[in-house]
Amino acid sequence: MTTQYWLVKSEPDTYSWDQFVRDGRTDWTGVRNNAARLHLKAMRPGDEVLYYHSNEGKAVVGVARVTKAAFPDTTADETGWVAVELTPVAPLAKPIGLAQIKADAVLQKMELVRQSRLSVSPVRPAEFKRVLRLGKA
DNA sequence: GCCAACGTTGGC
DNA sequence: GCCAACGTTGGC
């Protein structure tokens with residue numbers, strides 16, 4: 001299967017990219033939205049994930065990889081919610097801010113912009129490549 | 001099954 | 001702090 005691309009959001013006050021790097025890997029738990037759950041379930045090991053800081057930061061700050069497909073989220077009160085395992089790959093040399101995304105002809109179509117409240121969203125290959133290119137030093 | 005009320009997220 | 005967008009809940 002070809003690599004799919006995603007974006008996950010986290011408030012840096014809650015779980016920052018730096019903490020993620022220190023941990024070396026993390027279980028992406030706590031998703032309690034059905035659309036986001038469907039995206040988690042569609043993730044496959046090897047898929048690449050943009051890591052976005054919401055609220056404070058409002059920028060894509062790094063790239064991660066899916067290292068374990070969806071499994072039950074044990075932090076949930078009800079059954080049926082899932083988590084995936086993510087592992088950090090590399091930070092962006094230059095974080096890509098939301099304002100820059102909205103000003104870019106390619107990136108302004110991202111689900112991140114279209115559905116701003118969704119915490120896990122798909123990313124098109126062209127969008128992923130453009131973020132990487134703009135994020136290079 | 002509709003819709004008003006309410007809660008949450010997240011940008012500004 | 002405000003508000004728009006969206007999801008969920010519950011009365012009818």
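Order of the sequence lines fixes the chain letters, A, B, ..., with proteins taken first and strands second; residue numbering starts at 1 for each chain.
- Each side-chain hydrogen bond (donor to acceptor under 3.5 Å, both in side chains) pair with one or both residues in residues 95-110 of chain A, not counting sequence neighbours, appears once here: A:Asp104-A:Arg130.
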inquiry  = Each nucleotide in nucleotides 5-12 of chain B should get exactly one letter: B, S or -. Can you fill that in based on protein heavy atoms under 4.0 Å?
reply    = --BBBBSS

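- With sequence neighbours left out, A:Tyr51 forms a ring-ring contact (aromatic ring centres under 6.0 Å, His included) with A:Trp17, A:Phe20, A:Trp28, A:His53.
- In terms of the ring-ring contact (aromatic ring centres under 6.0 Å, His included) criterion, A:Trp81 has no residue partners (sequence neighbours excluded).
- Pairs of residues two or more places apart, or lying in two chains, that qualify as ring-ring contact (aromatic ring centres under 6.0 Å, His included) and include a residue from residues 116-137 of chain A are A:Tyr5-A:Phe128.
- Judged as a salt bridge (charged side-chain N to carboxylate O under 4.0 Å, His left out), the pairs with a partner in residues 110-123 of chain A (not counting sequence neighbours) are, in order, A:Glu111-A:Arg114, A:Glu111-A:Arg124.
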